[in-house]
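Reviewing the structure listed below.
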Amino acid sequence: MKRFFYFILIIAGFSSVNSCKDMTNEEGDPLLDLNDNTGLIGPRALSREITDFGTIAEYQYSGLLLTKVLTEKGSVTNVEWSGDKISKITFNGFLDLDNDGVLDTDSISYTQQYTYGNLGRLTLISENRSVYRRLAPVPPATVGPYALYEKTKAIYNLTYSATTAKLASIVMKRGKDIIPFEYTDYTKASYSYLGDNVSTVSKEVGKLITNGTVFEPAVEKYDFGFTNYDSQINGYTLLPFEYKVSVLISTNINDDRTLMLSPNSPRRVSITDMTEPVPTPIVFSTNYKYDPQTYMIQGFGVNYFYKPL
C-alpha cells in the first residue's frame, strides 16, 4: 500500500527537528518558538507548519479571518467569506493525486462553492476542477508550456449525526466536464468518534453507473485510526472547519489529515488497506511537545508556529 506519504515524509525529518529557530511572520510579529519557557498569552492564530524540509503551510489572515494559505511548490489557497461563513475556496498549485508521496507535475486549479443548511452547517460543496499538463518543449525551450488536460465537476454532500451534531459522512460524486455530463466516480468517508475526537475514518473509492445514481462496489477501501489522544489543545482548532474539510477532499484519499478535525491530538495513527486478504494496520506514533498554554508545538515531525491576534 502506498497511501502513507504524509506521515512518512514528515517523520523522515524528525530526528533533527529541533534545529528550527525563532521566527517572525509576514508582519514581523514573533512566532511561538520551540523553547519550553515561551508562549503566547491571549488570542492566537496558527501561522506556519514547518519541517526540516521547509515550510509546508503558511496561514495568512485579514483580522481574525483566514484568507490565504501558502503550501508547497508555490501552491496557493484563497479563502473568501460571506459574513462569518466561508463562501468560496480556490486552489492553484500542485497536489499528490496519485498518492506516491511526491507532488505531481500536473498543475491543479479548482473552485469550491460552499452551501449551508438551515442549521448553519456546511451541507454541500460544489467544485469545478481543471488539470493542466506540460506539453513537450519546442526547441530551443527546455520546458514545455502547460495545457488543459482535463476538467471535472464534483459535489460533496456532508451529513451530521442527529444526536451529537458531529460530521458523520462526506460523499463525493465526480464526472468529466463534457457534454453529456454524468457522474462516474465516487468517494465515501464515514466518521466515528471517541468523545469529541475522531477515532476512525472509513474510506471507499469506486465507480458510479446510471448517471451517478448507482454506486458500484468500492475498488479501494481504507480505515484510518486515531487513538491515544492527549488532553492538550490541537492547534488546528484555530482553523475554520470548512477549510479543514477542503483539505480532506483535495484528493480522493487524504484522510490521514483528519486529525485536523479533533480538539485534541492523537499520539497514534494507523492506516489499513481493507482490500488486503488479511488487513494489517500500518502504525505511526509520536510524542507531542506543548507550549505553556498547552497548545501543541511539535508532533509527527512538524513544528507548529503561532502568532498573536
Does [X] [atom1] have over 12 foreign heavy atoms under 6.0 Å away?
| X | atom1 | answer |
| --- | --- | --- |
| Tyr149 | OH | no |
| Leu65 | CG | yes |
| Lys176 | NZ | no |
| Leu64 | CG | no |
| Lys73 | NZ | yes |

Side chains of [X] and [Y], heavy atoms from C-beta outward: is any pair under 4.5 Å?
| X | Y | answer |
| --- | --- | --- |
| Ile108 | Leu97 | yes |
| Thr184 | Leu208 | no |
| Val143 | Pro137 | no |
| Leu70 | Val76 | yes |
| Tyr114 | Val245 | no |
| Asn157 | Leu124 | yes |
| Leu248 | Leu261 | yes |
| Val171 | Phe215 | yes |

Is it true that a side-chain atom of [X] and a backbone atom of [Y] form a donor plus acceptor pair closer than 3.5 Å?
| X | Y | result |
| --- | --- | --- |
| Ser75 | Gly93 | no |
| Tyr290 | Ile233 | no |
| Thr159 | Ala168 | no |
| Tyr229 | Val198 | yes |
| Arg268 | Asn228 | no |
| Tyr191 | Tyr160 | no |
| Arg134 | Gly144 | yes |
| Asp230 | Ser265 | yes |
| Ser161 | Thr164 | yes |

Of the non-hydrogen atoms in [X] and [Y], which two are nearest, and what is the gap between them?
| X | Y | result |
| --- | --- | --- |
| Gly120 | Lys85 | O-NZ, 3.0 Å |
| Tyr156 | Ala154 | CE1-CB, 4.0 Å |
| Phe305 | Ile50 | CE1-CD1, 3.6 Å |
| Leu259 | Phe226 | N-CE2, 3.9 Å |
| Gly63 | Leu309 | O-CD2, 4.0 Å |
| Ile249 | Ile125 | CD1-CD1, 3.8 Å |

Linked, directly or transitively: [X] and [Y] (ILVMFWY side chains, under 4.5 Å):
| X | Y | value |
| --- | --- | --- |
| Leu95 | Tyr243 | no |
| Tyr116 | Ile170 | yes |
| Ile155 | Leu158 | no |

### Message
Taking side chain to side chain contact (heavy atoms under 4.5 Å, CB included) as the criterion, tell me which of Tyr222, Phe224, Phe300, Phe284 meets it with Asp256.
### Response
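Only one option passes, and that is Phe224.
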### Message
With a 4.0 Å cut-off on N to O distance, would you call Asp185 and Lys207 a salt bridge?
### Response
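Yes.
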#### Entry: Presence of salt bridge, Lys166 and Asp196, under 4.0 angstrom
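Judged by the 4.0 Å cut-off on N to carboxylate O distance, Asp196 and Lys166 do form a salt bridge.
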If you round to the nearest 0.5 Å, how far is [atom2] of [Y] from [atom1] of [X]?
| X | Y | atom1 | atom2 | answer |
| --- | --- | --- | --- | --- |
| Trp81 | Glu242 | CH2 | CD | 6.5 Å |
| Ser109 | Leu148 | OG | CG | 9.5 Å |
| Asn234 | Met260 | CG | CE | 8.5 Å |
| Thr111 | Phe91 | OG1 | CZ | 11.5 Å |
| Ile253 | Lys221 | CD1 | NZ | 13.0 Å |
| Asp223 | Lys203 | CG | NZ | 12.0 Å |

### Message
Can you see whether Tyr236 has Lys244 sitting over its ring - NZ or CZ less than 6.0 Å from the centre and within 45° of the normal?
### Response
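No, Lys244 and Tyr236 do not form such a contact.
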### Message
For Tyr61 and Leu46: C-alpha separation, side-chain torsions, deciding distance, then whether side chain to side chain contact (heavy atoms under 4.5 Å, CB included) applies.
### Response
CA-CA 10 Å; Tyr61 301 83; Leu46 182 60; 4.1 Å; yes
Donor + acceptor pair across side chains of [X], [Y] (<3.5 Å):
| X | Y | result |
| --- | --- | --- |
| Thr275 | Asp273 | yes |
| Tyr59 | Glu49 | yes |
| Asp291 | Tyr306 | no |

### Query
Between Glu72 and Phe94, is a side chain to side chain contact (heavy atoms under 4.5 Å, CB included) present by the stated rule, with each step listed?
CA-CA 8 Å; Glu72 296 173 276; Phe94 300 88; over 6 Å; no
### Task
Check the pair Tyr288 / Gln232 against side chain to side chain contact (heavy atoms under 4.5 Å, CB included), numbers first and verdict last.
CA-CA 10 Å; Tyr288 290 98; Gln232 312 305 316; over 6 Å; no
#### Entry: Intermediate values then yes/no, side chain to side chain contact (heavy atoms under 4.5 Å, CB included), Arg174 and Asn252
CA-CA 10 Å; Arg174 177 186 294 129; Asn252 276 354; 3.0 Å; yes
